[in-house]
Every structure is written in C-alpha cells, then in structure tokens.
Amino acid sequence: MSVIYILITVSIIVAIVFLAAFITAVKSGQYQDSYTPSVRMLFEDEVVRDEKKREKEKEELTTVNKQS
Amino acid sequence: MEHDEKNCFHCGTPCEGVEITQDDKNFCCTGCKTVYSILAGNGLESYYELENTPGSRPKEINSRYDFLDTPEIAGKFLEFDEGTIHITQLYIPGIHCSSCIWILENLKKLHGGIRESQVDFPKKSIRITFDSQAVSLKEIVVLLASIGYEPNINLQHLESGKSGSDKTLLYKLGIAGFAFGNVMLLSFPEYFEMEEFWLEQYKPFFRWLMFALSLPAVFYAAWDYFVSSCKSIRSGMLNIDVPIALGIAVMFIRSVADIAFGYGSGFFDSLTGLIFFMTIGKYLQQKTYDFLSFERDYKSYFPVAVTRISGSREETVQVNDLKKGDHFLVRNEELIPVDGRLLRGHALIDYSFVTGEADPVVKSAGDKLFAGGRQLSGLLEIEATSSVSKSYLTRLWSDRTFGEKKEDRYKSLTNTVSHYFTPVILLIAILSFAYWFFTGYTDVAFNAFTAVLIIACPCALALAAPFALGNLVRIFGNTKFYLKNASVLERLAHIDTVIFDKTGTITRGNTSAIAYEGNTLDADEERMLKSTLRNSSHPLSRQLYAILDSHGILTPDAFEEHKGEGIEASYTEKHIRIGSARFAGKEEDPDADRHTSVHITTDHGYRGKFTFGNMYREGVSLLFDRLSRQYRLAILSGDNDSEKGKLEKLLPPGVQMLFNRKPQDKLNDVRRYRDAGARVMMIGDGLNDAGALQQSDVGVVIAEDTNAFSPACDAILDASRFRDIPEFITVARKGIRVLKVSFVLSFLYNIAGLSFAVTGRLSPVVAAILMPLSSVTIVVFVTLLTNFISRKLK
C-alpha cells in the first residue's frame, strides 16, 4: 500500500508541471493580449501565397524579357 | 475585391469628382494614392484583400518629427537598447482592423532595418525591433505616418516612462488555484470518515501534504490581505480586508494546531478555496479597458519638443526646457506649448481646448498667445513669456483638486459595511469564548473562538461587490459607456446634480447648424462658391463646403487667401469674395448678433451671409426633460451667451446657465456646488473641462471617437449613447440595490454558520460546504440580477 506515496508524488509533480506551464505562459505575455494572436494566425498563409505569387510574376517577367 | 467605384480604394472616402487613379483604382487624394503605391510596390497588396478600404488618409508630415533626431529625446522612447538592436513601443490610435495588424506586422518588408514588429490590438500599440544602424526611430515614425498609421508621441508618454503591466495577480491566481485543487483532492478521504485501516494509516501524510500545499497560498497569494489590513488598522478604518486577513490567519493557525496535535484534519480545503475565490474576485475587479486612458492631462496634448531659435541657430529642445524669453517656432496644426508673444507669422489660433470657443481667432505680431491654442495657418515665431508649467492653461493642474486621488474621497459600500462587521464578529467570538471558558469547557472555548472567526470570514460579502459592479462595468462597456473602475459606479448611483459643458457636449463638436440669409444664389454662383471653398483649408470653409450641394467643380483662374479675412477667386470673367463682412464689402453691422458668419459678394454685389449656429445633439431637450425630473441641472459654457435664448427655448425651465466660464471658473463652479452638499456629475469634452471633471464626483467625457484624446476623467461615453444617460444612472442605482440585497443574503449565511461555530460544533466538512456554497450562490445571484436590471441598455 506504500505505493500511495509514489502515486501522490506523481500526481503532485504533474500538477506542478501544469503550474509551471501556466507561469511561463503568463511570463511570456500570453495573457496580456488575447485578441491579436487570434487574427494573426489567419495571416501566415496569405503571406506565403503572396510571396509565391510574386516569385511567379518575376519568373514570368524574366521569360517575357527573354522573349523580347 | 469589391469596392464602390466612386469611393477611394484606400480609405473609402467618396472621391467627389476628383480624378486620381492608379491601376484602375480610384483614390480621393494623392496621399492615399501614395500609400497604395508604397504598399503595391512592396508586394503588400494583401492589405486590401483582408478588409475593404482599410486605410486612413495620411497627414502631412513636414518636419514634425525632427525632434527625434536628437538622441536624448529619441532615447526616451526606446524600451530596450543594446548595441545596435533597439526596441520601441509606439501607440497608434489608427489601428482598427485586421488589415492594420497585417500591414504593421509586415513592416520589415517596407524597410530592411526593421527586424520585427508586433501589434497589440487591444492596446493599439506596436512593438518594433530595429537595427539602429540601418534605420533611425525618426525614419520609422515617418514611415508609419506615410502609410497612414501615425503614432502618437506626446509629453506624457515621455514622462511616464516605460510601464510594465502587472502580472503578479495572475501568478497569484495560478498558485491559489493549484493549492486549492490539490488540497481538495487530498482532503476527500476525510470527508467520508471511513474507519478504514489504510486511510487511518496515511492520515498524517495527507494532512502534512495539505499543510505544505497551503503555504504558498497563504504566504504568497493571500499576502496582500495581510498588508492591506495592517494599513487599514493603522489608519483607523476597518476595511473588508481586516476580517478576511483575520479569518485566513486564524484558519491557518487552527489547522496547523489541529494536525500537529491530531485533533482533526484542519481547514486547509476551505482556506485555499477562500483564497482562490477571493483572487478571482480581485482579478475581475482589476480588469480595465486597455485601449482607453483615463489619466491624461495637458501633457498628452502638448508637443514633445519645439524648435528653439538662439541667434541664427535652430535647435530642438524638449518643451519642458523652454524658458522665459526663448524664441521658438510653432508649425501648422501644432499646439502652442507655452504662453508667449507673437513675433512673426500669421496666427489663426483655435482655442477650443482652452475656452471651448469653437471659432479660431486671428492674432497679429505683438499679440499675446496662450498655451493650449492650436495654430491653423503656417509657421509662427513666438517669444515665451513663461515656462510650460506656469502657463495660463497648465496652471489649472496645480489646483489642489489634482493632488488627491478621487477614490480616496469615498468609502466603498463594502468597506462601510465591514467597518461595523469586524467589531461585531470580534465581539461574538470573545463572548462565546468567555461563555465556554467560564462554564468550564476550556477546549470548547478555544474551538468556538476560532470557529467564529473562520466561519465569519466574509468571503461572500467580499465577492459580491467585484462580481456585481464588475459585471455592470462590463455591460456598460458593451454599450459604449466606459467606466474607469467599479468605484465610479457607486458614485454614479448617488449623484443628484448634473452639469453639462456646452460646446462639444450638448452641441456637436465639428458641425454647425448653418443658415443662409440674403439674396438667393443662382446655380452659377453656387458652383463658384463650392469650387472656391474647396481650395481653402479654413475650418469654416470646410464646414460650409461639406453642406453645399455639388453642381460640378470649376478650377479657379486666380485664387487668393487673405489670412484672417477671407478668400477670393475668379473664374474667367466672374469674381467671388467670401469672408468677413468687411472683406465682402458690407458695412459692419454694429448690433449684429455674435454668431459667426461668412459673407459673400459676387459680381452682382453683396449677396448674403451664412450664419454658423450651434448644432445641438439629437434628443437634447428630451434628455434634459427626463433628467430635470430627478436632478438639478446646469450648463457651464466657455462661449459667450449668444445661444442663451435658443437654449432657454430648447431646455426645460430651471436649468442654470453660466457663460464665459474659463477652465478655472468651471472648476470653482463645480466646487461651489459640492461645498453646498450636491453630488455632481460633470459631463464635458475637452481640456477646458479638465478641472471641473476632476473636481466633480463623477466626471464623464463625451467622445465622438473613443480613440481620440480625452482629458482625465472617470468615464468615457460614446456620443451615440448621449441620450441614454438617465438609463445608465438608473441602472447604477439598481445595481447598488442588488449589492445591498446580496449583503443581506451573505449575512444570513454567516448567521447560519455562526450557529455551528458558537456551539463549538463546526467541523471542517461544514466549513468546506458552507464557504463555497455561500460564495457561489452570491456570485450567481448578483450576476443574474445585474444582467436582468441592465437588459434594457442593449
């Protein structure tokens, strides 16, 4: 039955891990601005697509230049 | 990508016959087109895909940010600077949509020197990391301004320094929650009192573990209660923190004694639960509106630096360093930071900040100029006649009313109640101790004494106010009435006098009721009038331009603006003069009313005049009618009494009206009302009301645009909710009533708990049930009721 010592210790350690995770989250400012990240996460794709598009345009331009 | 053909692709303003196009897109001005070409040239067209017409029209920059070239001044805006990496945080009021976030976080594509930029949308600020060798702070500010996101850089920002937001309460919340959850789990076996062998065996282990877990909760998360109660005892005012701290301390000591001597399991579960709930309450109370500032004074309006002329040298100095006798320059659209004498330049000064008078005044060389006026036409050279803090307007802030914190003037309802609550509880505890002690049960006496203090710990009482008032503040915020904190709500419920400012408060700030008197203008003349006004930047011209019907735009062959007099233009053979009576060739009428008017003369001779009257907000008379039934009303106006007759007709009888009130007069008027015992709500809009707002019990600022600057106040009301002021006051009153009922409820819980406590029969289980039960029911009760009483607001 002394396994209960191990079990309780493990459960407390798990709880401490979560507490530590919470504290690091606060420290990194996650609770300061809870709106902007929700908008920001929708951007990345567009930026990448945009760059690809530009590269494609550049390629097209160079091919056009070569042709002429 | 849909957009109205006639509206500007960038900012959405109607183009009105202007032909500025690029890439088949219409623009309203070259500024907007420039922004578009900057963005398009850098592959940032996505800006226009996220939202339609997201931009704002860029303003002229000229050399307004030259002061950032001075390293000492620029250094004050840096948050971090090591080697060549600098970090700055700038406040940009123009941030309003997801396109804004996108473009501002892609700044590095516009300038290679910018490493990273991060937007904080609720605070409308941006944090920029940049390489100081590749780009300077000034270049960044100019870049932002050139794409229509002009940062706001002011004196208050400079003096307040870097404010790190407080995260400790969140840490405390986390720790308290952690302790509460684990202690609750560990104390479960004890609740069932099973006489099981193994559980008996591990009791000490469980109990000492609970003790260990409660330590951070008591000594870290709840520490503020001990500090605050010590302070309040020293000042002789027993606030709500005293019984709470007492309860926590007694609970902790009793629990330690219980487990040390093996009497029982202690009250660690109730203890940590209490601390956790109280921290939640505190967190809710602390929540504020990030994007609003309630603390602004004149420093927010004033420029950071001016150009001082010493001999033939021009140098940038901080405004605070200006001394009497210095010569300095004030540019177009800038505020005059210090009282002075005009040396050179055409001065057209808008004193609406200082006096509330809407119309700009013309000054000529040698005239005295007062700090706070905004120059509207060109460059001025001024000799300072005092220093910034001693100027006419800024002297207002040295009044004693600005020295005290408003919250300290009032005792909150919770603290008033606890002032009587604490002695009563102590008395009950001592009486029950004495009873058991003298009847010979010493152990029951100690038990009863501590149990009374534990069960009386006013958890429900202390939670009622944060939840009730916090919820109302949030509901008010959703309906665009932003309160500074919960204390404002309590004060709002007690007011009996409402004082209004006139200009900008009951009238609309930037529009006037314009009436035309004289001979009717023919179509030709109207066209000429509108086309001429188009070229003028004078505020009256702009207002008049906005209301006239368009009959096509003509380009004048000759156009001349006579500063302070009027404008004239000619179209092929025809000629028009618009301006003051004298300028338009009309005899000055000696008993003309004091309304501002614009006179017009064409080739057909004098035609007539446009008169600018105040345009009152919709529903003003209804609002005053409703308020006058319950409250005393008054109007304090910085203007002359030209509108008195109209106001008397518009408003119910009995409204006191005072005109020509200077900022200091307004403050004194409010003080006089308060000294006579009135509880005053002051409603104003500008810096000239700042003293009155601070002196009143509740100072409310009306704002057309909540992003715009508003002076220090207790609450900001969006102009669209102007008519709902009576409703807001009524809801605040009902809210206080709800709070009182919830106090009675929590007293009932206390009495029930005390009946266990005085008889010495309080077991940890009863405490562990009663405490959360009372707190949760009170919280639910006040939340539901406050939602119910404010249902009409939406």
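No hydrogens, no waters, no symmetry mates; every other heavy atom, side chains included, goes into these values. Letters go in sequence order (proteins before strands), and every chain restarts at 1.
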Quiz prompt | Under 3.5 Å: donor-acceptor pair, side chain of B:K124, backbone of B:I95 | solution = yes
Self-check item: B:W208 CH2: over 12 foreign heavy atoms closer than 6.0 Å
Solution: yes
Would you tabulate the side-chain donor-acceptor contacts of residues 210-222 of chain B under 3.5 Å, counting partners in other chains and residues two or more places apart, or write 'none'?
| unit_1 | atom_1 | unit_2 | atom_2 | d |
| --- | --- | --- | --- | --- |
| B:S214 | OG | B:F211 | O | 2.8 |

Quiz item: Given that the side chain runs from C-beta out, which part of A:I16 has a heavy atom under 4.5 Å from chain B: side chain, backbone, both or neither?
Solution: both
Quiz prompt | Neighbourhood of chain A inside residues 170-178 of chain B, taking heavy atoms under 4.5 Å as contact | solution = B:L170, B:Y171, B:G174, B:I175, B:F178
Practice problem: Could you pull out all residues at least two apart from B:Y149 that satisfy ring pair (Phe, Tyr, Trp, His ring centres under 6.0 Å)? | Solution: none
Quiz prompt | Which portion of A:L19 sits near chain B, non-hydrogen atoms under 4.5 angstrom | solution = side chain
Quiz prompt | Under 4.5 Å from a heavy atom of chain B, the part of A:V39 involved | solution = side chain
Practice problem: Quick one: list whatever passes ring pair (Phe, Tyr, Trp, His ring centres under 6.0 Å) with A:F22, sequence neighbours left out. | Solution: A:Y31
Quiz item: Are side-chain N/O atoms of B:S125 and B:Q89 paired as donor and acceptor at under 3.5 Å?
Solution: yes
Quiz item: Does the B:E105 side chain pair with the main chain of B:V119, one donor and one acceptor, at a distance under 3.5 Å?
Solution: yes
